[in-house]
Amino acid sequence: MPYVDSLRCRECARAYPIEALHVCDFCFGPLEVAYDYEAIAAHMSRESIAAGPTTIWRYAELLPASAENPVNLGAGFTPLVRADRLAAELGLGELWIKNDTLNPTGSFKDRVVSVALTKARELGFKVAACASTGNLANSVAAHAARAGMESVVFIPHDLEQGKVITTAVYGGTLVAVEGSYDDVNRLCAELTSEQPSWAFVNVNVRTYYAEGSKTLAFEVAEQLGWRTPDHVVVPIASGSQLTKIHKGFAELHRVGLLDEEPHVRISGAQAQGCSPVATAFADGTDVIRPQRPSTIAKSLAIGNPADGFYALDIVRRSGGAVGSVDDAEIVEAIRLLARTEGIFAETAGGVTIATLSKLAAAGVVRPDERVVAYVTGHGLKTIEAVSPHVGPTVTIAPTLSAFNAALTFEE
Ligand SMILES: *Cc1c(COP(=O)(O)O)cnc(C)c1O
Ligand SMILES: [Zn+2]
């Protein structure tokens, strides 16, 4: 691990060894991975990155696990697509979609899990565990199978069938808990001390896991020709991803990969039925009040977000905003993205696009900005969200006359 210096408390900056630690013993602040940026700058170049694999591991120097033998299903290097038709609908100019629906298990979680399990294996763990709103469950089960590790995955009992099946198929242990995600997470925090030989990817190895999200910034900058966007829109569940996208852009500059210092406005997106960060933003406070979630955007349904405070701070300092949208707006935005750009997103993607649309209408996201919207999960996993609203245009008998009677097309 040549480039990781230590773990460091985000609050009091105390240093810790590179072990399965996630909170500071002194102030209970979260730990962050600290790197030797000088050494990285000397080794990493645009050319060395371009010669690397087309996965997150092309940025290995800025990840906290060894790329020699990663737990890898091919996460990352997903398309960044110019979305002119969507931009026209929203009254925007240069708009891009980071299409993270195309990861191995259909969500951005493959980035964080590939890093977490690679590190967990390095640290000697044989069992991968997690508390999940769905996509993490899929990804942990799949990557554990790939690594030959055991998996024990905990989910709320009322998840979408698509997420339950696509987790269970990998053959690990899947525990459905009668409670919300926040109940599941509390149970897992308790289990972490009971089962010290399990790597809970979002508890005791969370410090490493979270670093995987930086690749969402690295790839966007590389795909834009080593330029950064003016404004990004990011969905918020725990808030981790948003904070790491911010860290990712800053690191690229720190190691000399950008020509100019990045000034990226970062805006957050939540569902109204679970909007603790959006509510704090609107109220002008930095106290995040926990909520009991009720929304179709189950992958974002964290009522007490671990990194909410830090996400809010970054949004404010960058000049962004946090918006929220209701279930009907989420479904409408899923259909809008599908109809304009041919990308089918899950409900979290609907939250992002609907929030983008609102922020554009309010003039927060502007037509003169280069904008990137992060679409983080695939629509096939949340079919129930759209199935009441779409279906065949007509159903007809298998005859020409039936077709002609039902539909008219110009020649
Ligand atoms: C987990 C998840 C997020 C948000 O992740 P956080 O880092 O917890 O904020 C966004 N989109 C999808 C599809 C997710 O599964
Ligand atoms: Zn501390």
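Throughout, residue positions are numbered sequentially from 1 according to the sequence presented. Every number for a ligand or one of its atoms is a count from 1 in the order of the listing.
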Among all protein heavy atoms, pick out the one at the shortest distance from [atom]; state its residue, atom name and that distance to 0.1 Å.
atom                   : answer
atom 1 (C) of ligand 1 : Lys109 NZ, 1.3 Å
atom 8 (O) of ligand 1 : Ser238 OG, 2.6 Å
atom 7 (O) of ligand 1 : Gln241 N, 2.8 Å

Within the structure, does [X] bring an N/O atom to less than 3.5 angstrom of an N/O atom in ligand 1?
X      : answer
Ser107 : no
Gly239 : yes
Ala237 : yes

| request: Measure distances from the Zn ion (ligand 2) and count the protein N, O or S atoms below 2.8 Å. | output: 4
Do the side-chain N and O atoms of [X] and [Y] include a donor-acceptor pair separated by under 3.5 angstrom?
X      : Y      : answer
Tyr59  : Glu251 : no
Thr78  : Lys98  : yes
His231 : Ser267 : yes
Asp110 : Thr105 : yes
Glu122 : Ser66  : no

| request: Any atoms of ligand 1 less than 4.0 Å from a non-hydrogen atom of Thr376? List them with their elements. | output: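 Those qualifying, in numeric order: 10 (C), 11 (N), 12 (C), 13 (C).
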| Enumerated ligand 1 atoms positioned under 4.0 Å from heavy atoms of Glu346 | 13 (C)
| field | Leu300, portion touching ligand 1 at heavy-atom distance under 4.0 Å | value |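 Contact part for Leu300 vs ligand 1: side chain (C-beta onward).
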| said: For the CZ atom on Arg146, are there more than 12 heavy atoms of other groups (residues, nucleotides or ligands in this structure) within a distance under 6.0 Å? | reply: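 No.
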| task | Verify the neighbour count for atom CZ of Arg46: are there more than 12 heavy atoms of other residues, nucleotides or ligands below 6.0 Å? | result | yes
| query | Nearest heavy-atom pair of Thr355 and Gly268: which atoms, and what distance? | reply |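 It is CG2-O, 3.7 Å.
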| Does Arg186 pair with Asp183 as a salt bridge, N-O distance under 4.0 Å? | yes
| query | Salt bridge between Lys298 and Glu384, side-chain N to carboxylate O under 4.0 Å? | reply | no
